[in-house]
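Inspection log for the structure reproduced underneath, given as structure tokens.
Counting starts at 1 for both ligands and their atoms, following the listed order. Each residue takes its place number in the sequence, starting with 1.
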Amino acid sequence: MRLVLLGAPGSGKGTQAARLAKRLDIPQLSTGDMLRAAVSEGTPIGTKVKATTERGELVPDDLVVAIVAERISQPDAKSGFILDGFPRTIAQAAALDEILRAAHLRIDRVLELDVDEAALLSRILNRANEARSNGHARADDTEAALRVRLAEYRGQTRPLADYYREQGLLKSINGLQSIDKVASSLLEALDA
Ligand code: AMP
């Protein structure tokens, strides 16, 4: 099964993607994790994207599309995957469609975690404070970067819901339920 999980920063997307990946026995492909690994390893891509990711801005489409194209061609992704944090722009979604079409494949389902935006900033600021006190804060967990991440989501990523709805692929789930309830709603949406 080839899935896309959509959701704003703070919607619980990463947590749910990890659970779903385990349950379905397919890899979770998080572009955020891949980019953070590149930054911490100091690779040429990492050096290129460090400042952009730390500001909370999106990195260029061509760069992230190339990373995903390479990753989904690996053996462990042959029978399926769950994309977490990609696509984030219409151009990325179109590029993904093209890559899959060339391999005679397609996205099976797009799941969206719907979270009231008013709840998001306080939720992610709390999470960032917790992470800081545990010594696990991300470089983009500052209030300034979080505001940019939310604005990027609103401007660039939210239009993807319509893009996938028009293709009949979108299922929206209430992301404000408990973690377990969201997880079971996602599984139900896949069965439907
Ligand atoms: P995330 O862990 O998904 O919140 O991603 C962290 C950061 O990585 C984002 O704020 C962007 O700077 C960058 N990033 C991750 N995925 C993408 C993507 N699909 N397109 C552009 N930038 C991305």
Side-chain angles (χ1 to χ4, degrees), residues 2-21 27-73 77 81-100 107 110-115 117 119-132 134 136-161 163-164 175:
R2 292 174 186 82
L3 303 176
V4 169
L5 190 57
L6 293 178
S11 63
K13 185 166 49 70
T15 305
Q16 295 296 337
R19 284 179 69 138
L20 209 48
Q28 170 192 5
L29 309 185
S30 159
T31 43
D33 285 350
M34 294 175 210
L35 293 169
R36 276 185 290 280
V39 169
S40 71
E41 287 161 18
T43 67
I45 286 180
T47 308
K48 202 166 164 184
V49 302
K50 185 171 188 291
T52 312
T53 54
E54 288 178 1
R55 282 194 300 269
E57 292 165 12
L58 295 184
V59 308
D61 289 333
D62 53 348
L63 189 149
V64 77
V65 165
I67 291 176
V68 169
E70 196 277 327
R71 181 66 188 86
I72 63 182
S73 71
F81 49 77
I82 174 159
L83 285 167
D84 162 13
F86 180 93
R88 260 190 164 85
T89 65
I90 298 282
Q92 291 177 18
L96 175 64
D97 285 346
E98 201 43 56
I99 290 164
L100 292 175
I107 293 297
V110 177
L111 302 168
E112 179 192 35
L113 294 177
D114 189 21
V115 175
E117 288 211 18
L120 281 175
L121 189 63
S122 65
R123 197 164 151 166
I124 48 184
L125 285 174
N126 284 340
R127 194 178 67 180
N129 282 336
E130 256 172 51
R132 210 164 295 121
N134 296 330
H136 292 126
R138 285 167 36 171
D140 59 355
D141 269 346
T142 61
E143 178 161 355
L146 286 165
R147 287 185 187 279
V148 175
R149 285 159 64 194
L150 277 177
E152 292 278 45
Y153 176 77
R154 256 182 241 124
Q156 309 266 11
T157 309
R158 214 168 39 190
L160 287 178
Y163 177 89
Y164 286 121

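Formation of a donor-acceptor pair under 3.5 Å by the R2 side chain with backbone atoms of L100 is not found in this model. Using a distance-only test at 3.5 Å, with no hydrogens or angles considered, a donor-acceptor pair links the side chain of Q92 to the main chain of R88. R132 contributes a side-chain N or O that, together with a main-chain N or O of D141, makes up a donor-acceptor pair within less than 3.5 Å.
Below 4.0 Å from some heavy atom of R36 lie the following atoms of ligand 1, by number and element: 2 (O), 6 (C). With ligand atoms numbered from 1 in the order given, ligand 1 contributes 18 (C), 19 (N), 20 (N), 21 (C) to contacts under 4.0 Å with heavy atoms of Q92. Residue contact check: L35 has heavy atoms under 4.0 Å from atoms 8 (O), 13 (C), 14 (N), 15 (C), 23 (C) of ligand 1. Counting the atoms of ligand 1 from 1 in the order shown, those under 4.0 Å from a heavy atom of L58 are 21 (C), 22 (N). Numbered from 1 in the order shown, with element, the atoms of ligand 1 that lie under 4.0 Å from a heavy atom of V59 read 21 (C), 22 (N).
At a heavy-atom distance under 4.0 Å, atoms from both the backbone and the side chain of T53 approach ligand 1. At a heavy-atom distance under 4.0 Å, only side-chain atoms of V64, from C-beta outward, approach ligand 1. Counting heavy atoms closer than 4.0 Å to ligand 1, residue R55 contributes nothing at all.
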* Apply the test side-chain contact (heavy atoms from CB on, under 4.5 Å) to residues T157 and E152: give CA-CA distance (whole Å), side-chain angles for both, the deciding distance (0.1 Å), then the verdict. => CA-CA 7 Å; T157 309; E152 292 278 45; 5.8 Å; no
* Asked: Going through the distances and angles, do V59 and T31 end up as a side-chain contact (heavy atoms from CB on, under 4.5 Å)?
  -> CA-CA 10 Å; V59 308; T31 43; over 6 Å; no
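Within the 4.5 Å cutoff, the side chain of R127 has no heavy atoms near those of the R123 side chain.
Nearest non-hydrogen protein atom to atom 16 (N) of ligand 1 is T31 OG1, 2.8 Å. Closest to atom 9 (C) of ligand 1 among all protein heavy atoms lies R88 NH2, 3.8 Å. Nearest protein neighbour of atom 11 (C) of ligand 1, counting heavy atoms only, is E57 O, 3.5 Å. Ranking the protein heavy atoms by distance from atom 7 (C) of ligand 1 puts D140 OD2, 4.1 Å first.
If you take CG on L29 and CG on L5, they are separated by 12.0 Å, rounding to the nearest 0.5 Å. Rounded to the nearest 0.5 angstrom, D84 CG and T15 OG1 are separated by 9.0 Å. We find the CD-CZ distance between E112 and R158 to be 9.0 Å, quoted to the nearest 0.5 Å.
Considering backbone and side-chain atoms together, T52 places no N or O closer than 3.5 Å to any N or O of ligand 1. Ligand 1 has a nitrogen or oxygen under 3.5 angstrom from a nitrogen or oxygen of R138.
Residue-ligand proximity: E152 is placed with every non-hydrogen atom at 4.0 Å or more from ligand 1. Proximity of M34 to ligand 1 is not established, as no heavy-atom distance is less than 4.0 Å.
Every residue two or more places apart in sequence or in another chain that forms a side-chain contact (heavy atoms from CB on, under 4.5 Å) with A93 is listed here: P87, L160, Y163, Y164. Residues that satisfy the side-chain contact (heavy atoms from CB on, under 4.5 Å) test with A139, not counting sequence neighbours, are E54.
With K50, R149, K13 as candidates, the residue nearest to atom 10 (O) of ligand 1 on a non-hydrogen basis is R149.
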